[in-house]
Amino acid sequence: MALHHRGAAVTLYSDKAPLWPPPLEAVMRRMRVDVRPGMPADEIERGPVVHAGASTQEFDLVLLATAAVPQPWLRASGLACDERGFLLTDDMLRSVAHPDVFAAGDCATPSSGPLPRSGVYALRQGEALAASFRNVVRGQEPVVYRPQRHALVLISCGRRYALAHRGHWSAQGRWVWWWKNHIDRKWVKSLTV
Ligand SMILES: Cc1cc2nc3c(=O)[nH]c(=O)nc-3n(C[C@H](O)[C@H](O)[C@H](O)COP(=O)(O)OP(=O)(O)OC[C@H]3O[C@@H](n4cnc5c(N)ncnc54)[C@H](O)[C@@H]3O)c2cc1C
């Protein structure tokens with residue numbers, strides 16, 4: 001939607017169907033983004049030309065925005081990993097096989113069940129990790145990390161319009177954009193020295 005906002009004609013291929021969060025697909029269509037849910041890109045060849053099922057389409061530019069993958073050295077390290085190669089951690093963010101090794105954020109999968117690999121979860125894990133390190137150097141137990149049940153998703157749609165989603169609740173409009181803008185600016189300011 002940002003690319004469309006800048007004047008590009010955009011086609012989105014996705015293996016997901018429907019897209020998540022639920023109102024996203026309708027908003028994108030309304031913004032005239034050509035959305036193709038359930039159509040994974042099978043091949044990209046020089047051109048660039050995208051092959052997806054029976055569809056073949058030539059573009060000026062192809063951008064890949066696929067999910068996080070683990071670093072190959074994690075599996076080679078001998079630390080316990082899930083079937084994809086992310087580090088398996090306990091509820092104190094420690095490696096299940098090597099409790100002296102901590103892992104948080106995108107590189108880890110909690111053994112209690114996978115979490116979304118997104119900044120909002122990585123950030124909270126980072127806070128728990130910092131608290132654990134302080135405890136460990138004092139000879140105390142690491143803190144237990146309890147993930148939030150739902151996270152607020154805010155997606156800017158261009159033209160100062162945005163989409164919000166949390167749990168079963170959704171909202172969209174210009175006010176959501178101003179809300180997101182306020183949160184983002186406040187966050188960046190908190191990191192500015
Ligand atoms: C384009 C894009 C847009 C995104 N938008 C959002 C969003 O809007 N909202 C949201 O919540 N999430 C978003 N995410 C996801 C979010 O950025 C990640 O979930 C989050 O950054 C994960 O934090 P992390 O600290 O686990 O990993 P990272 O932020 O990836 O940090 C890992 C760090 O480790 C360093 N590193 C890697 N290997 C080594 C090594 N061998 N030695 C030392 N250092 C190393 C890397 O350079 C990097 O700095 C987005 C991700 C991408 C790619």
Side-chain angles (χ1 to χ4, degrees), residues 1-6 8 10 12-16 19-25 27-28 31 33 41 61-82 84-96 98 100-133 142-143 145-167 169-172 176-191:
M1 285 186 282
L3 291 168
H4 179 267
H5 182 63
R6 287 282 174 171
V10 179
L12 175 71
Y13 290 95
S14 177
D15 59 338
K16 302 276 184 306
L19 298 186
W20 191 89
L24 181 60
E25 206 173 307
V27 174
M28 289 179 106
M31 302 274 168
V33 173
L61 178 72
V62 174
L63 296 174
L64 298 177
T66 51
V69 291
Q71 300 255 13
W73 65 265
L74 293 178
R75 198 187 283 285
S77 70
L79 296 164
C81 292
D82 69 7
R84 292 186 59 203
F86 292 106
L87 293 179
L88 264 182
T89 52
D90 65 13
D91 61 1
M92 295 179 187
L93 304 175
R94 300 175 302 188
S95 162
V96 292
H98 297 80
D100 291 337
V101 177
F102 287 75
D106 281 7
C107 69
T109 298
S111 51
S112 53
L115 294 171
R117 292 185 204 284
S118 77
V120 285
Y121 284 87
L123 193 85
R124 293 273 180 92
Q125 288 180 28
E127 286 167 357
L129 195 64
S132 284
F133 286 163
V143 301
Y145 161 71
R146 294 190 204 287
Q148 59 265 52
R149 260 166 60 81
H150 298 294
L152 175 66
V153 177
L154 289 166
I155 302 173
S156 184
C157 310
R159 288 199 204 151
R160 299 194 166 179
Y161 190 95
L163 168 69
H165 183 83
R166 189 172 197 277
W169 172 85
S170 281
Q172 51 185 281
V176 180
W177 188 89
W178 285 108
W179 184 31
K180 173 174 165 50
N181 193 42
H182 170 73
I183 293 172
D184 289 349
R185 283 182 182 277
K186 202 169 132 191
W187 172 247
V188 172
K189 203 170 167 189
S190 78
L191 301 172

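Being a predicted model, the structure only gives us computed values, none of them experimental. One-based numbering, in listed order, for ligands and for the atoms of each.
- Contacts with ligand 1 closer than 4.0 Å are made by side-chain heavy atoms of Ala122 only, the backbone lying farther away.
- Remark: minimum distance from atom 36 (N) of ligand 1 to any protein heavy atom is reached at Gln71 NE2, 4.8 Å.
- For atom 40 (C) of ligand 1, the closest non-hydrogen atom on the protein side is Trp73 CZ2, 4.8 Å.
- A donor-acceptor pair under 3.5 Å links the side-chain atoms of Ser132 to the main chain of Val143, judged by distance alone.
- Less than 4.0 angstrom separates atom 30 (O) of ligand 1 from none of the non-hydrogen atoms of the protein.
- Nearest protein neighbour of atom 12 (N) of ligand 1, counting heavy atoms only, is Gly119 N, 2.9 Å.
- Each of the following atoms of ligand 1 lies closer than 4.0 Å to a heavy atom of Val120: 11 (O).
- Of all non-hydrogen atoms in Tyr121 and Gln148, the two that sit nearest each other are OH-O, 3.6 Å.
- Of all atoms in ligand 1, listed by their number and element, those nearer than 4.0 Å to a heavy atom of Gly105 are 26 (O).
- Of the protein's heavy atoms, Asp106 N, 2.8 Å lies nearest to atom 26 (O) of ligand 1.
- Side chain of Arg160 to backbone of Trp178: no donor-acceptor contact under 3.5 angstrom is found.
- With sequence neighbours excluded, the residues forming a ring-ring contact (aromatic ring centres under 6.0 Å, His included) with Trp20 are His165, listed by chain and number.
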In residues 68-78, what donor-acceptor pairs under 3.5 Å come from side-chain atoms, sequence neighbours left out?
from, atom 1, to, atom 2, distance (Å)
Arg75, NH2, Glu83, O, 2.8
Ser77, OG, Leu74, O, 2.5
Ser77, OG, Leu79, N, 3.2

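- Proximity to Arg117 (heavy-atom distance under 4.0 Å) selects the following atoms of ligand 1: 19 (O).
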